[in-house]
Amino acid sequence: MSGVPAAHHAWRERRWEEIAGAHGKAKVVANGKIVGRDGHTLPGVPGVWSTDEAGALTVTSAAADGVRIDGRTVDGTAEVPGDARLEFPGGRVGFAGGGDGAYGMVVLDQAAVERSGLRGVDAYPYDPAWVFEGRYRQAAPGRRIEVERLTSPHSTEAIPSPVDLVVTMGGTEYALAVLEDIPGQRLVVFTDETNGAGTPAIGRWLVLPLLPPGSTLSVDFNQATLSHHHFNPSVFVCPLSPPGNHLPMRVAAGERALVHDTPGHQRKDASS
């Protein structure tokens, strides 16, 4: 596309890989946390997951459940090594990470994208006017912000927010709270005047680099993304926009909706 920087084309390609690649978000059918000695189950995933006295991850299942660790069928209780490939019925695969009694697990179905008919992401045309210079401003030490989460029904959670993103747009300075919902990942969840009429009502994301307070950074709203929630609402219970993260303008840049080919899906899923 004429006038679109090569760097933006490259970002779009990486973004589609993040969505539909081998470990793409649109292929995630289950995820969860296993913490402590109590048994945990994940919806649609066989086995009871726990940790042993040494803090290692374990699974208990019968051979008929079809749980396999690195190709070996589990029949009883088995330890799950940190780099193990987990296999489940229906061609699903899983990966677990963590340690010391706290683990996260993700289960993927490689056929999920094809089955859903997902073929792309609709976005506004690239516009360099939506690229700004911003800076990180230190927040109060240990600040957490109560944010709604897309559980059913909605719940609230106090999420770490170590900095604000300060950016001047149209001559007005805005300070947007930055969340660290996942350690090491900086995320601005924002709303604007396009929500519900062109972009999702729940707002969009800017994923930002991990830099110290006082750092300057590029703020490119052409890289505003849909939340993971759109790929599988029952799996990704993402945070909503914190109070004060509304931009009183139409941010006509970035992703707008998922595009599906299958009957039963709207071509553009922008309303939720």
At their closest point, which heavy atom of [X] faces which heavy atom of [Y], and how far apart are they?
X	Y	value
A96	L57	CB-CD2, 3.6 Å
G120	L118	O-CD1, 3.5 Å
R92	P46	NH2-CD, 4.2 Å

For a quick check under 3.5 Å, do [X] and [Y] share a side-chain donor-acceptor pair by atom type?
X	Y	value
Q223	H8	no
S218	D220	no
S50	D52	no

If Ile, Leu, Val, Met, Phe, Trp and Tyr residues are connected whenever their side-chain heavy atoms lie under 4.5 Å apart, and connections chain through other members, are [X] and [Y] in the same group?
X	Y	value
L210	W11	no
L226	L208	no
L217	W205	no
V188	V147	no
V29	V93	no

What is the distance from atom [atom1] of [X] to atom [atom2] of [Y], rounded to the nearest 0.5 Å?
X	Y	atom1	atom2	result
R144	L179	CZ	CG	11.0 Å
H230	T225	NE2	OG1	9.0 Å
R149	I159	CZ	CD1	4.5 Å
N245	D192	CG	CG	11.5 Å
M249	T172	CE	OG1	7.0 Å
L176	L206	CG	CG	8.0 Å

Side-chain donor/acceptor of [X] to backbone N/O of [Y], under 3.5 Å:
X	Y	answer
T41	V48	no
T51	G36	yes
S61	D65	no
D164	V166	no

Inset, instruction - State plainly whether the residues R143 and E180 are in salt-bridge range, i.e. N to O under 4.0 Å. - result: no
Legend entry - N-O pairing of R15 and E18 below 4.0 Å: yes
Legend entry - Worked verdict on T199 versus Y124 for side chain to side chain contact (heavy atoms under 4.5 Å, CB included): CA-CA 10 Å; T199 64; Y124 289 101; 3.8 Å; yes
Inset, instruction - Would you please name every residue forming a salt bridge (charged side-chain N to carboxylate O under 4.0 Å, His left out) with D109, sequence neighbours left out? - result: R115
Hey, are the side chains of [X] and [Y] touching, using non-hydrogen atoms and a 4.5 Å cut-off?
X	Y	result
P128	N222	no
V219	M169	no
H228	V28	no
L240	L150	yes
S116	F231	no

Inset, instruction - Before giving the answer on side chain to side chain contact (heavy atoms under 4.5 Å, CB included), spell out for T58 and Y103 the whole-Å C-alpha distance, their side-chain angles and the decisive distance to 0.1 Å. - result: CA-CA 10 Å; T58 67; Y103 296 84; over 6 Å; no
Inset, instruction - Return the orientation label for the H23 and F95 ring planes: parallel under 30°, perpendicular over 60°, tilted otherwise. - result: perpendicular
Legend entry - Parallel, tilted or perpendicular, as decided by the 30° and 60° cut-offs, for the rings of W130 and F132: perpendicular
Inset, instruction - Quick one: which residue pairs count as a ring pair (Phe, Tyr, Trp, His ring centres under 6.0 Å) with a foot in residues 170-202, not counting sequence neighbours? - result: F190-F221
Legend entry - R186 to Y136, cation-pi by 6.0 Å centre distance and 45° axis angle: yes
Inset, instruction - In sequence, state the C-alpha distance, the side-chain angles, and the governing distance for V4 and R12, and then conclude on side chain to side chain contact (heavy atoms under 4.5 Å, CB included). - result: CA-CA 11 Å; V4 178; R12 291 288 340 152; over 6 Å; no
Less than 3.5 Å apart, which donor and acceptor atoms pair up between the side chains of residues 73-89 and the rest of the protein, not counting sequence neighbours?
unit_1	atom_1	unit_2	atom_2	d
T73	OG1	R68	NH1	3.0
D75	OD1	A63	N	3.4
T77	OG1	T60	OG1	2.7

Legend entry - I19 and K25: CA distance, side-chain angles, deciding distance, side chain to side chain contact (heavy atoms under 4.5 Å, CB included) verdict: CA-CA 5 Å; I19 292 170; K25 298 296 188 294; 5.6 Å; no
Legend entry - Within 6.0 angstrom of E53 CD, more than 12 heavy atoms from elsewhere: no
